[in-house]
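One structure is given below, encoded as structure tokens.
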Amino acid sequence: MSSYFTDLAQQYIDGEWRPGTGSWDIIDLNPYDDEKLASITTATVDEVDQAYRAAARAQKRWAATNPYARRAVFEKALRLVEEREEEIAGAIVAELGGTRLKAAFELHLAKEFLRESVHLALRPEGRIIPSPVDGKENRVYRVPVGVVGVISPFNFPFLLSLKSVAPALALGNGVVLKPHQDTPVVGGSLVAKIFEDAGLPGGLLNVVITDIEEIGDAFLEHPIPKVISFTGSDAVGRHVATVCASLFKRSVLELGGNSALVVLDDADLDYAVDAAVFSRFVHQGQVCMAANRVLVDRSVAGAFTEKFVAKVTSLKAGDPRDPETVIGPVINSRQADALSGVVEQALAEGATALVRGARRDNLVEPSVLTGLPADSALLRQEVFGPVAFLVPFDGEEEAVRLVNDTPYGLSGAVHTGDIERGVNFARRIDTGMFHVNDGTVHDEPIVPFGGEKHSGIGRLNGDTMLDAFTTVKWISVQHGRSGFPF
């Protein structure tokens, strides 16, 4: 067992590791075998306040630091992740129930985002804009917002914490990170340890491990953070957005999805099957971009379904420590119960189970369902687990209508033998991202990432990080003398 779970089971506030003083403990469990990994006393409202105030104090000095010096911290952090990759992978497997394949996938992306943060420190540029007033010079400065609050999820906690924390720091901000209570180490204190060892000045990054039962909305309502970056469900995201808007804070929301992978009549079926199985079942389907729905042109539905079912039934489910395992456990018993409920509801509504996976505690094997009624709510909601809905359609017009018939608009994919046909299809879909002849699950460090409708507000990655974590300030200089009317 990684020493991370004994060494890092603490709060990290103002450059110090210390226990929380809350009224109860978060018990960190391995979702596969329920082994107790750590016990962490929650942070209180007062400790959230201490964390934000520490970040605000440290941020002033950090923002004034030469960006080339700031960049060096991220170069060192990247080297540390590379050196500790096997240990971090082991922690991902233990705390999330992620498979070895998933851990490698998450770490690959985490390193790519750290590489981009190295460059992001040098990205902000000012502008001089012409003025209609003689003698006036308009300077537009891009400056840090100050302090950013980050709330990260349980599914890709190391990556998705870094994805906001690293750019916010690189751009000169202080940060307070609240990881999900099911992944407090990988999503929280491990990130702090990497940056502490990389030489980040104390106080700039703080981690509070807690829960709303302890702190209520204090993390959102505190007067210091100017931006809250939240990744999670749309239900919680709506609350975050409402609180932030009422306090004139900016929110960046990366929320849920109900993506569709569409197979047109001219698709390469073997390739489409591979893409669809990965898109639905990677990390047990606990991915916001996962293909909840697989839509197949009726003319090829029979052949596709046969191949799809065969591939799904070949996926090995079991111990995530086994390199051959593809399907590990879901994060906790609540998720497992919810998934069992989804399958039972679908069958009660008249669906047919082409594959009905067994459940053993938190290990939920894949299910493939078809024949769900067109008006079923299950086709319009996010299903966060290894349950796939196969839906036949007749022609592109119906496919477009079905894909868009959901409150969500995050990702999706279409498979076709004609690239431009695929692009034209993609342009008709109300999503922030869509992929032609590929899977639905993609994230790249310099391409704008985010959704439409209930899937979020704002974008992350690349230049959009500047919009998320900096603001612009206009300073005018009058080199002559202005004339005033009185």
Side-chain angles (χ1 to χ4, degrees), residues 55-75 77-78 112-150 162-175 200-201 204-205 224-230 241 244-245 247-254 432-433 443-452 456-485:
R57 286 193 302 271
Q59 187 269 333
K60 299 296 184 186
R61 296 188 301 274
W62 181 242
T65 301
N66 188 302
Y68 282 87
R70 293 206 302 265
R71 184 178 70 169
V73 172
F74 300 92
E75 292 172 333
L78 173 59
E112 288 298 314
F113 278 92
L114 276 173
R115 288 188 183 98
E116 175 60 15
S117 294
V118 171
H119 303 295
L120 199 60
L122 307 181
R123 194 75 57 82
E125 297 176 345
R127 292 189 296 156
I128 296 179
I129 298 178
S131 171
V133 178
D134 290 341
K136 178 169 285 189
E137 175 185 297
N138 289 319
R139 304 180 186 182
V140 178
Y141 292 82
R142 187 168 283 278
V143 297
V145 295
V147 175
V148 176
V150 177
L162 279 175
K163 189 175 176 179
S164 287
V165 168
L169 290 171
L171 291 167
N173 299 288
V175 175
L200 187 74
L204 265 177
L205 172 60
I224 283 179
K226 299 298 186 290
V227 173
I228 300 293
S229 179
F230 171 81
C244 287
L247 297 170
F248 299 97
K249 297 177 187 283
R250 193 189 308 168
S251 59
V252 181
L253 306 175
E254 299 291 340
M433 307 174 288
D443 198 358
E444 297 182 12
I446 64 172
V447 182
F449 181 102
E452 298 295 325
I457 298 173
R459 296 291 187 269
L460 292 176
N461 303 358
D463 289 338
T464 64
M465 295 295 197
L466 297 173
D467 297 327
F469 301 127
T470 69
T471 189
V472 290
K473 184 170 186 174
W474 172 30
I475 297 178
S476 75
V477 178
Q478 176 52 273
H479 293 283
R481 295 176 67 87
S482 290
F484 302 102

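Since this is a predicted model, take the numbers as computed values, not measurements. Scope of the values below: all heavy atoms of this structure, side chains included, with no hydrogens, waters or symmetry mates.
Nearest heavy atom pair, residue W62 against residue P201, reads CZ3-CD, 3.7 Å. For F449 against E254, the heavy-atom pair with the smallest separation is O-OE2, 3.1 Å. In terms of heavy-atom proximity, S482 sits nearest to Q478 at OG-NE2, 3.0 Å. The nearest pair of heavy atoms linking G451 to R459 is O-NH1, 3.1 Å. Nearest approach of P144 to Q59, heavy atoms of both residues: CB-NE2, 3.8 Å. Minimum interatomic distance between G149 and P225 (heavy atoms only, all atoms of both residues): N-CB, 4.1 Å.
More than 12 heavy atoms of other residues, nucleotides or ligands lie within 6.0 Å of CG in N138, so this atom counts as buried by the packing criterion. For I224, the CD1 atom is densely surrounded, since the number of other residues' heavy atoms within 6.0 Å is greater than 12.
To the nearest 0.5 Å, atom OG of residue S251 and atom CD1 of residue I457 are 5.0 Å apart. For the atom pair OG (S117) and CG (L169), the distance works out to 8.5 Å, reported to the nearest 0.5 Å. Of the inter-residue distances, the one linking S229 atom OG with M465 atom CE reads 8.0 Å to the nearest 0.5 angstrom. Atom CG of L114 and atom CG of L120 lie 11.5 Å apart (nearest 0.5 Å). Taking CG of L466 as the reference point, atom CG of L171 lies at 5.5 Å (rounded to 0.5 Å). To the nearest 0.5 Å, the span separating CD on E112 from CG on L162 amounts to 13.0 Å.
Side-chain atoms of R70 come within 3.5 Å of backbone N or O of T65 as a donor-acceptor pair. At least one donor-acceptor pair closer than 3.5 Å links the side chain of N173 to the backbone N or O of V145.
The list of salt bridge (Lys or Arg N to Asp or Glu O under 4.0 Å) pairs with a residue in residues 56-69, not counting sequence neighbours, reads D14-R57.
Counted by atom type alone, T470 and R142 present one or more donor-acceptor pairs between their side chains at under 3.5 Å.
In this view, R250 satisfies the salt bridge (Lys or Arg N to Asp or Glu O under 4.0 Å) rule with no residue, not counting sequence neighbours. Contacts of E444 classified as salt bridge (Lys or Arg N to Asp or Glu O under 4.0 Å), with partners at least two apart in sequence or in another chain: none.
Counting heavy atoms from C-beta outward, N461 and D443 have side chains that approach closer than 4.5 Å. Contact check for S164 versus F469: side-chain heavy atoms found under the 4.5 Å cut-off.
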(request) Please step through side chain to side chain contact (heavy atoms under 4.5 Å, CB included) for the pair V175 and L204, ending with a clear verdict. (result) CA-CA 6 Å; V175 175; L204 265 177; over 6 Å; no

